[in-house]
Amino acid sequence: MKAIQISEPSVMKVIDMAEPTMGDNEVLLKMRYVGFCGSDLNTFRGGNPMVKMPVVPGHEVGAEIVKVGSNVPDGLKPGMTVTVNPYTNCGKCASCRNGRVNACEHNETLGVQRWGAMCEYIALPWEKVIPATRLTPRTCALIEPMSVGFHAVNRAQVTDIDVVMVIGCGMVGMGAVVRSALRGATVIAADIDDEKLALAKEMGATYAINTKTEDVHARLQELTAGFGPDVVIEAVGSPMTYQMAVNEVAFTGRVVCIGYAKSEVSFQTKYFVQKELDIRGSRNAQPSDFRAVIHYLERGTCPVDRLISSEVKPEEALDAMQEWSANPGKVFRILVDFQ
């Protein structure tokens, strides 16, 4: 079968692989669309320390069930449109013991710590297959990244009386914007790209701040009556945005960190104490977050077409990734069409 492989930084090619064999507890999936995410871009650029190359990337899946094993429940049937929970959990570590399997110490995400879904077929344990029969496979490829943003909002315990600032309006950040708005919060979207900010407002943000051209502190003080946002969700992963989150959040506020900073970050730690902050990490997503995203997408109000920057065939993936690498702030999602 056809697959996309990253063998070393900046080197991506289409390879031929054997089709997977399916066990009694597994489901065989035909990939329809698979999205490239930020971790795949980092792998391509040689900046992903969790990846051992060569690797088949991809964990944002829109697929169809081809065959089910003998021990698979009746709820999963051939022909169903599905997405995939791409994370593993060991069941033994502290995170798993506490029911937070998304943060398993020994997690292996498809396309990162293990070979991923950028191929024609993949066999997975049935527990990792999530039906989304009212959505198209193309839309299903957006579920996983949005669920990461939804999970961050859960971690922040956002309510309708909160002002929430989301820093970074990529796919994950957009998920955080949507979920915060659905919970009734006042949402402030922050990014360096006006096009993304305009779309964030369409998806639920009340206000938008261009952090490149505006005085962020002054604008936040204006929008929050001098208090600062109750919640800041960091969805970029840079020292500047990490510092911004801590500096701008309100006293007794909550900071939730999704992005991985690529270098060390220096903080004014006095703010941790003076503001009595809750600073929380947010990793991956829970099954309930996937269900919440599916429920949102089923409404039909999400501007799916505007979240998809391009659709390419496997042979065109290298060109698309090179273009994204050259303009990382201008791309939402690249979908690879395996149909």
With side-chain hydrogen bond (donor to acceptor under 3.5 Å, both in side chains) as the rule and sequence neighbours excluded, what pairs involving residues 74-101 come up?
Y87-E144, N89-K128
Minimum-distance pair of heavy atoms, taken over all atoms of R283 and N102:
O-ND2, 2.8 Å
Is the closest side-chain donor-acceptor distance between S147 and D289 under 3.5 Å?
no
Is the number of heavy atoms from other residues, nucleotides or ligands under 6.0 Å of E127 CD greater than 12?
yes
Is the charged tip of K196 near the ring of F332: under 6.0 Å from the six-membered ring centre and within 45° of its axis?
yes
Would Y33 and Q339 count as having a side-chain donor-acceptor pair, cut-off 3.5 Å?
yes
Decide, yes or no, whether a salt bridge links K313 with D319 under the criterion of side-chain N to carboxylate O below 4.0 Å.
no
May I ask you to check whether over 12 heavy atoms, not counting those of R134, lie within 6.0 Å of atom CZ?
no
Rounded at 0.5 Å granularity, tell me how far CD in Q157 sits from CG in D162.
9.5 Å
Is it the case that one hydrophobic cluster holds both I192 and W324, taking links as side-chain heavy atoms less than 4.5 Å apart, direct or via other members?
no
CG of N48 to CG of N42, rounded to nearest 0.5 Å, is 6.0 Å
Can you measure from CE (M31) to CE (M1) and round to the nearest 0.5 angstrom?
9.0 Å
Mark yes when over 12 heavy atoms from residues, nucleotides or ligands other than E276 sit less than 6.0 Å from its CD; otherwise mark no.
no
Backbone N or O of P137 within a donor-acceptor pair of the R32 side chain at under 3.5 Å?
no
Quick one: CG on L76 to CD1 on I65, what's the gap to the nearest 0.5 Å?
4.5 Å
Can you tell me if D193 uses its side chain to pair, donor with acceptor, with the backbone of E195 under 3.5 Å?
yes
